[in-house]
Amino acid sequence: MVGERRNGNMLVQLGPRLQAYPEELIRQRRTHDGQTEYLIRWCLVTIDDGSKVKPENILMWMSTEDVYANCPTLLGKRKTDAQRPLQFPADVTFDEVELSDMKEDVKNLVCRARKQMAKKSDLSISITHTIHVLSAYASIGSLVGVFKETGALNLLMELLCNKETQTRRSAGKMLRALASHDAGSRAYVLLSLSQQDGIEQHMDFDNRYTLLELFAETTSSEEHGISFEGIHLPQIPGKLLFSLVKRYLCVTSLMDKLNTAWAESSSDRQDASPSPASSSTAHQTELLRVQREFDFTMAMANLISELVRVMGWDRNRQPPEVSTGNGFKTRSDFASRSAYVEYVQDNLKSGMMVRMLEDYEEVSAGDEGEFRYSNDGSPPVQVYWNSLSRTYWVHWHMVEILGSGSMSQTFFSKPPGGLYSLPYLLEGLQSEPVALSRAEWWEILFFIKKLEPKQQQEVNSILLQSLEDQDGELDDSFLISLSVPGEVAKKLLHYLKQKLPSSCLSDLLCSHAFCKHYLRRGGGCLEDEELLGEDRNVSVFIKTDWCFLDNYQEDVLPWHESIEPCLSSMTAFINDREVVQLFIRFLYRLASLNKDYAVVMCRLGTKEALVKALDKHSTNLLLVTELRDLITDCEKYASLYKKMTTSVLAGCIQMVLGQIEEHRRSHQPINIPFFDVFLRNLCQGSSVELKEDKCWEKVEVSSNHHRANKLTDKNPKTYWESNGCTGSHFINIYMHKGVVIRQLAILVASEDSSYMPARILVLGGDDPTNINTELNTVNVTPSANRVVLLENMTRFWSIIQIRIKRCQQGGIDTRVHGFEVLGPKPTFWPVFKEQLCCRTYLFYSTKAHTWCQEVTEDKMQLLQLFNKLNSALRHEQMFADRFLPDAEAAEALGRTCWEALITPIVHSITLSECSASSPLSWLLSEYLDNAELARRCKTRAAIFNSRVRRLTHLLVHVDTSRLDSEELKPPVKSSESESASATNDNSTLFSSIAGIALCWQGVVQRQVKKFLESSCSLPDFVERYRTLYLRLKNAMEELFGQQTAFVLALRHGFSAALLQLSILRAMHVSERFAQYIDQMIQASGAAAGSVETLERLQQFLEPMLFLSGLELANTFEHFYRYYLGDRLLAQGNVWLESAVIDQIGSCFPSRFPQQMLKNLSESAELQQEFHLYRLQQLDRRLQEHDQVSRTWKHKSTCSRMMEEEWLESEEEAELQVLVLSPRCWAVSSLCFLDEPTKYFPGELCSYLNQFTQFYTHSQSIYGLSHSKPRRLQWTWLGHAELQFGCWTLHVSTLQMYILLQFNSQEVRVDALLQTTGLSAAVLLHALTPLIREGGLLTCSEPGVLQLNQRAVSRSLDGVPASVQLLPRQTYLNVDEDAAGTLERKRNYIYCLIVHIMKQEKEMHIDNLVFKKQEASRSPGTGRFSCSTSDVLSCIMHVISKGCIRRNEDNPHIVEFLPEDPSTPQKGQAQFSFSRTEIRKDPAATDSRF
């Protein structure tokens, strides 16, 4: 089972040093479909240096199945389905008696606290003790309801308002203890405090601060596990902050009510019997749930809207693009086509909508589609055309840009098209729904609720007029569930655009519903953009005349937004005293009118600006001291405001993450308005660059710490100088969180001479004890003054270390004059990404573990796995399309989902104690067994295989083994690597595709092994083998495509099965393979050869490559070169032979076939040289005759001699001599021909003698002095052409000799045997084609051969023909004697290798080969001759048997293993070996091996 365990519960590895485990079961609830879910607290622990620190918590709702699979100890021992309880087991929660007693205790404590509060005397210590006891009860999750029933929450509100600070703090602790189980209770208490007696209407600054201080004591961003360190947060005035906190508390309270909507009626529904009354109750409960969901949705939308506004995110909001008037140029706007093409190439992005401008093949003018991507091909543009419902390629000038489309932010970096482009995640294009979705309608309802009551009545009237089937009034409950058509929505949006107040208009114009159902339906116009621009560009321009403050009204203008521009302007005009004085007066006036603005000034650096102004203008400025004192008094308020801002923002992010998780669990869309707006601002980055000290927090140096400030004083003349040994100097830069470095440089000086750095190493790390990731190494030139160390980093590093490894001229200490850092402005994306990916990984890890457990219990659940995975991934894909703004966020989410789901599932279904029994192996085997039946559609086998294909396509879509480049670590020392590996997550080292490929390899191996065992002796074994390969190859492509990993797995599966063959069976298989290739090549060269034969040969050669590198290849090469020699000597098809050898050349370890072809080409060159040699000899002889001729008599004699020679040359037969090397050609001594002159006519013998002289002469010229000259050994091998009447006979050399004997009447066979000295078998092999029925010879009497007179008459009277009489190929027979000889030979080598290794223990593999060869040649040993490749093959076999092994660090070193190897297979004898057993056995020698 995948996943580590901790006390019986699942331990999830969220990162290299981050773990999560279930710690506590908080409570349960019933979902709207009646399922039970449990709230589990997961504890996140960071591991540093082997110790677990920094615990954090994540609360996550889990289904019953997930809880039993991942944290069964929280629910007790696992029970069967029928025994699984719907309520908490007895060993987890308290029984009724205990709950009753505790309830009474809480009531008594509440009464005692009230009595203590009623007393006038100071008894704060007593009531504090009572509160401590109540806090202990509040920490028990099962008592949440008791506190609501006993009035403890009302008491808590009173205690929080107590004048005693100690009492308020104790009450705050009690509230936090209660909120750890029930956040809704805290929200209820705080919300009640903020709303009591209309507190918001008459609240002044001090009262608001007091209440915010109370909120701060009970809430913090730390409880959400989120830190915004380094991120700039806006300064929110107290009134806006108080309103924001109220909305946050309201959302928290409503969310708690929503979670308990079904729990309130769960007990009633459990005992209710099916009846109209019970169905009515269920309907009412469903209405209550929908109403609460709507209330929560509206409250969440209000919170997001206000948060966007106070954070300043609305300033960057842009109006949605409309397809009409999109701002893109058309083709008519350009003077030339090339200019238009260049414009389209620059502006067209993936996902944009385009229109076809002209007809092109299958695409018509006017068709619209979505641009996918382009390449360098022709046509270069791929577009998904709606009319074709598929992609089609067109040219750049044929398309017109319409605007942004709805291109999916796909999870994975795969190109579109092909088998692996999200094959089942994305559904086909669907028609636009008639009615609005619930999310769209509730977004419109949000704006309707912003209207005045009278205007809302008008909206109801529009709905009643448009919806004909509706009568009467529309109440709120009916409006929530109303189905509204798109045209009606357009009317409502048009009305809202005209009637909404300006504060809400910008939200409407940028909303998803407005863009889709108003602008895209033709309702947009220029007026919309003007309205949006007018509202979006609201800002206060501060004039020199501050008359606006005379009529100051707090809520009319956002005065706090004017403070930062004022400070910037004052700094810019710092030299102009009048301007500075004017700004100071304005700021003082603003701070005096409202303390909230003074608080804002604290956080914006007003005091620093005032100090600079005083330094510049001395005491000539008025109100400076007063303004500075006022700001100083408000610093304590500023700290509280910042704390509350971070707490609310962190809480909002956690609520958003909770909603994502909630809808991920139910696979329902998110209905919250502006949800996409909030996520877009959390996910987007910033192009604003930060320099120097804004990027980093602090600097540390290795020595001379008092001079570290010289690195940051921005003075190039000063420097930090180290003090230590060479290579120990470093500078640590601690970066602000989220700052990804764009450029890091240091300043040096050439005049520093030997103090100047020469080689710098840059390292990155997450903490001071773990800075070991090498980022870059830079060599510094002696003339440099600014050295760039890093550029365009892709990830955040907490600490950057600049380590000076070497100085110029061998210096010891170094000098650095400063450093410069350039980075992007810190944003919320790194913080949100960490939280989003962490929770996503945890959620899907538990799901994967549950599904893996189901598969382990029942393998058939594998068929349901695709639907589960596809449903989860499709939901995430739809979420990314709708809410995530860019590809980076979508890819981060997608990769997290993939790693959390696919990697552990693949690990679980591919690995088991026995590889044959893994679930995926079983599934793939079933697929192969059903392959033939599945060809018929609508059968069970076809349906089964379809499900298997869909699952495998999904599992191999992306390989999760790819590591980001910035996470790759350089080699470290062994001790460091061991410690680092202890903290690494094993799952990150596991590749999903590699696991599946290994499983597929095992399936292939078992299939091939089963086939070899059952079909090896069949006549059509090789054809069946070829069919098996094609079947497995086709299945591989159907399941996995043509990915390299699975092609290699197919090869390794075949190779592993062939390796398991015994020696005798391996020889038979090799022989059959070589015979099959020989038959196919001969068949293709025959007159009846066809393309089909070549195709079959080509198909068989593919699996032949699997022999490469195997011991079997040596045996196969032996047979192949034997048959190859016969084909080549019979004038075979050399080009086909060469093509075959080129394809399977790796199957020949000794490369004999390649050398045989090379030998033929060398022989042809030698034949040409011999031709030139003969011409030279003839020319020389003629020249000699000319010189000695003195008289006419001599001339006439010379002429006669010349004529005789020319006549002789004309009568000479055409001959060619093949000079073959016995090293690569397998020529038996039985075929040797000692004296050709005894058997062939004189003219043939003359030619052979001349060639012998030429070859001997060439050897003496080109041979080395110390080398032994080669000699020619003639053989009976070869081929000839004889003229027999009108026939041309193609015969072998021996057949030619036999036929030439028939110039006499008859020939006796025994005479031929005696004359040639050949064996009867060889002679019979040559005679068989000649004496067959209708052949040239007949055998009328035993042992007497005569010419066939019928054949003679046909050859004289018939038409010219070519007659093939070459002997048929004779195939080697691997009989028991040959097999036994080979087996004894190899067993001898095995034992000799083991004997040598026992003595040496460890040696180089080359030395082992040499020592074995030397031992074989020593006296008293067996006379087995073998090649080096044979010895290496046997060494590999001994290694596979476990007798010896390779050294892990030095693979060329082999080591002896003292353990006895496993029992060899059949045909591999096992016996001990010692010197006394070595015997000389000449009979065992076989020159063929």
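Owing to the predicted nature of the structure, the values given are computational and were not obtained by experimental measurement. In this chain, numbering begins with 1 at the start of the sequence shown.
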Subject >> Non-neighbouring partners of Thr297 that pass side chain to side chain donor-acceptor pair (under 3.5 Å), sequence neighbours left out >> reply: none
Original post:
Is it the case that Arg665 and Ser63 place a side-chain donor and acceptor less than 3.5 Å from each other?
Top reply: no
Subject >> Min side-chain heavy-atom separation Arg438-Glu293 under 4.5 Å >> reply: yes
Original post:
Hey, which of Ile902, Leu901, Thr896 is the one that makes side-chain contact (heavy atoms from CB on, under 4.5 Å) with Trp898?
Top reply: Ile902
**OP:** Start with the C-alpha distance between Thr64 and Gln35, add both sets of side-chain angles, then the distance that settles side-chain contact (heavy atoms from CB on, under 4.5 Å), and finish with yes or no.
**Re:** CA-CA 8 Å; Thr64 306; Gln35 300 297 321; over 6 Å; no
Original post:
Quick one: are Tyr927 and Arg949 in side-chain contact, heavy atoms under 4.5 Å?
Top reply: yes
Subject >> Non-neighbouring partners of Glu834 that pass side chain to side chain donor-acceptor pair (under 3.5 Å), sequence neighbours left out >> reply: none
Original post:
Under 4.5 Å between any side-chain heavy atoms of Asn70 and Pro22, yes or no?
Top reply: no
Original post:
Is the backbone of Ala942 close enough, under 3.5 Å, to the side chain of Ser946 for a donor and an acceptor to pair up by distance?
Top reply: no
Original post:
So does Lys868 have more than 12 non-hydrogen atoms from other groups sitting under 6.0 Å from NZ?
Top reply: yes
Original post:
Would you say the side chains of Gln668 and Glu662 form a donor-acceptor pair under 3.5 Å?
Top reply: no
Original post:
So which heavy atom on Val956 is nearest to which on Gln1043, and how close?
Top reply: O-NE2, 3.3 Å
Original post:
Distance only, no hydrogens: is a donor on one side chain within 3.5 Å (strictly under) of an acceptor on the other, for Asn9 and Thr73?
Top reply: yes
**OP:** Look at the side chain of Gln861 and the backbone N and O of Asp858, then say whether any donor-acceptor pair between them is shorter than 3.5 Å.
**Re:** no
Original post:
Tell me, do Phe296 and Val251 make a side-chain contact under 4.5 Å, heavy atoms counted?
Top reply: yes
Original post:
Do the non-hydrogen side-chain atoms of Leu657 and Phe832 ever get within less than 4.5 Å of each other?
Top reply: yes
Original post:
So Phe944 and Trp922, would you call those rings parallel, tilted or perpendicular, with 30° and 60° as cut-offs?
Top reply: perpendicular
Original post:
Only one of Lys847, Glu854, Gln853 forms a side-chain contact (heavy atoms from CB on, under 4.5 Å) with Thr850, so which one is it?
Top reply: Glu854
